[in-house]
Q: 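Here's a structure for you.
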Amino acid sequence: MYPHPYLEYLVQFHAERDYFECHEILEEYWKSEAGQRSPVWVGLIQIAVGLYHHRRGNRAGAVKMMNSALRLLRQQQDALSRLGLDPAALLQLLAAVVAEMEAGAPYHSISLPIADPELRRRVQQMCAERGLPCERPSDMANRYLLHKHTLRDRSGVIAERARQLSLREQRKPNG
């Protein structure tokens with residue numbers, strides 16, 4: 001019923017609080033044919049990125065990203081409903097989070113308002129299969145979780161970029 005990457009996003013968002021991974025999962029899906037480059041995915045990605053920035057203390061980046069998500073998702077309420085979320089509650093939550101950020105409030109974990117009981121059951125099942133509580137606060141002592149974009153292994157990405165560059169160089173006409 002729901003795309004697997006979206007379910008994975010919800011597990012990462014609520015149980016792992018790995019917002020960087022949320023971004024990676026949905027961006028890959030959004031870029032795929034199945035994601036159809038729908039703006040609703042961008043809005044959900046922006047929520048995760050905004051929270052990632054806020055948790056790391058980048059208030060300006062967080063406010064900018066969350067405001068962007070709020071503007072975009074206001075136009076995607078039907079799509080949010082189809083994804084089993086409560087659009088009105090989500091927009092209200094995001095507006096409150098932006099206000100807190102602008103006021104300098106510290107980061108705190110939030111939960112997306114899941115309206116569809118079947119979606120909630122599926123996410124809870126996926127969490128249980130991994131031995132995770134379905135909703136828990138971020139582990140603020142987990143350095144890797146907080147700074148994943150700088151600490152993750154990028155050797156695969158670097159190798160693929162080098163391969164693509166080599167292919168481009170090979171295709172260039174001599175002369």
Q: What closest approach, in Å, do Leu91 and Leu70 show between heavy atoms, and which atom pair accounts for it?
A: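 So the two residues come closest at O-CD1, 3.6 Å.
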Q: Under the side chain to side chain donor-acceptor pair (under 3.5 Å) rule, what do Tyr52 and Asp18 come out as? Steps first, then yes or no, please.
A: CA-CA 8 Å; Tyr52 183 79; Asp18 190 338; over 6 Å; no
Q: Does Pro137 offer a backbone N or O that forms a donor-acceptor pair with the side chain of Arg17 under 3.5 Å?
A: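 A pair under 3.5 Å: no.
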Q: With rounding to the nearest 0.5 angstrom, report the CD to OG distance, Gln76 to Ser38.
A: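 Going from the CD atom of Gln76 to the OG atom of Ser38 covers 5.5 Å.
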Q: If you measure from CZ on Arg121 to CD1 on Ile114, what distance do you get to the nearest 0.5 Å?
A: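 Result: 12.5 Å between the selected atoms.
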Q: Strictly distance-based, threshold 3.5 Å: is any side-chain N or O of Ser109 a donor or acceptor partner for the main-chain N or O of Ser138?
A: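 Side chain of Ser109 to backbone of Ser138: a pair is present.
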Q: Checking Tyr2 against Arg122 for the side-chain contact (heavy atoms from CB on, under 4.5 Å) test, could you report, in this order, the C-alpha distance in whole Å, the side-chain angles of both residues, the deciding distance, and whether it holds?
A: CA-CA 10 Å; Tyr2 296 105; Arg122 181 68 182 116; over 6 Å; no
Q: Nearest heavy-atom pair of Leu44 and Tyr9: which atoms, and what distance?
A: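 Closest pair (atom of Leu44, atom of Tyr9, distance): O-OH, 2.6 Å.
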Q: Show the nearest heavy-atom pair for residues His54 and Ala105, with the distance to one decimal.
A: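 In terms of heavy atoms, the two residues are closest at NE2-O, 3.0 Å.
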Q: Grab the two heavy atoms, one from Met66 and one from Val97, that are nearest each other, plus how far apart they are.
A: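 Heavy atoms of Met66 and Val97 come nearest at CE-CG1, 3.8 Å.
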Q: Does the pair Arg130 and Glu8 meet the rule for a salt bridge (Lys or Arg N to Asp or Glu O under 4.0 Å), with working shown?
A: CA-CA 12 Å; Arg130 298 172 193 194; Glu8 187 62 37; 2.5 Å; yes
Q: Starting from the C-alpha separation in whole Å, work towards a yes-or-no answer on side-chain contact (heavy atoms from CB on, under 4.5 Å) for Leu51 and Phe13.
A: CA-CA 10 Å; Leu51 291 172; Phe13 193 98; 3.4 Å; yes
Q: Between the side chains of His23 and Gln46, does any donor sit under 3.5 Å from an acceptor?
A: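 Distance-only check fails for His23 and Gln46.
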Q: Donor-acceptor pair, Gln77 side chain versus Arg74 backbone, under 3.5 Å?
A: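 Side chain of Gln77 to backbone of Arg74: a pair is present.
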Q: Could you tell me which non-hydrogen atom of Leu72 sits nearest to which non-hydrogen atom of Gly43, and how far apart they are?
A: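 Leu72 and Gly43 have their closest heavy atoms at CD2-N, 3.4 Å.
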Q: Can you see whether Gln124 engages Arg120 through a side-chain donor-acceptor pair at a distance of less than 3.5 angstrom?
A: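 Result is no, nothing qualifies.
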Q: Taking atom CG of Asp116 and atom CG of Leu85, what is their separation to the nearest 0.5 Å?
A: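 Taking CG in Asp116 and CG in Leu85, the distance rounds to 9.5 Å.
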Q: Considering only NZ, NE, NH1 and NH2 on the basic side and carboxylate oxygens on the acidic side, decide whether Arg59 and Glu102 come within less than 4.0 Å.
A: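 Looking at Glu102 together with Arg59, the answer is no, because their closest N to O distance does not fall below 4.0 Å.
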Q: The test is side-chain contact (heavy atoms from CB on, under 4.5 Å); show your working for Asn67 and Arg71 and say whether it passes.
A: CA-CA 6 Å; Asn67 271 321; Arg71 278 190 304 275; 3.7 Å; yes
Q: What's the spacing between Leu94 CG and Leu73 CG if we round to 0.5 Å?
A: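 Here the rounded value is 6.5 Å.
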Q: If you take the centroid of each ring, where Trp contributes its six-membered ring, are Tyr29 and Tyr6 closer together than 6.0 Å?
A: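 Ring-ring flag for Tyr6/Tyr29: false, centres at least 6.0 Å apart.
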Q: Where do Gln12 and Ile25 come nearest, in terms of heavy atoms and distance?
A: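 It is CG-CD1, 3.8 Å.
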Q: Is the side chain of Trp30 donor-acceptor paired with the backbone N or O of Arg37 at a distance under 3.5 Å, no angle test?
A: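 Answer holds: yes.
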Q: Within a 6.0 Å radius of atom CD on Gln92, are there more than 12 heavy atoms belonging to other residues, nucleotides or ligands?
A: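 Check fails, neighbour count at 12 or below.
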Q: Would you compute the distance between atom CG of Leu26 and atom CD1 of Ile45 and round it to the nearest 0.5 angstrom?
A: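 Here the interatomic distance stands at 5.0 Å.
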Q: Using atom types as modelled and distance alone, determine if a side-chain donor or acceptor of His14 lies under 3.5 Å from a backbone N or O of Leu112.
A: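 Yes: the side chain of His14 pairs with the backbone of Leu112.
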Q: Measure the CG-CD distance between Leu7 and Gln125 for me, rounded to the nearest 0.5 Å.
A: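 It is 10.0 Å, given to the nearest 0.5 Å.
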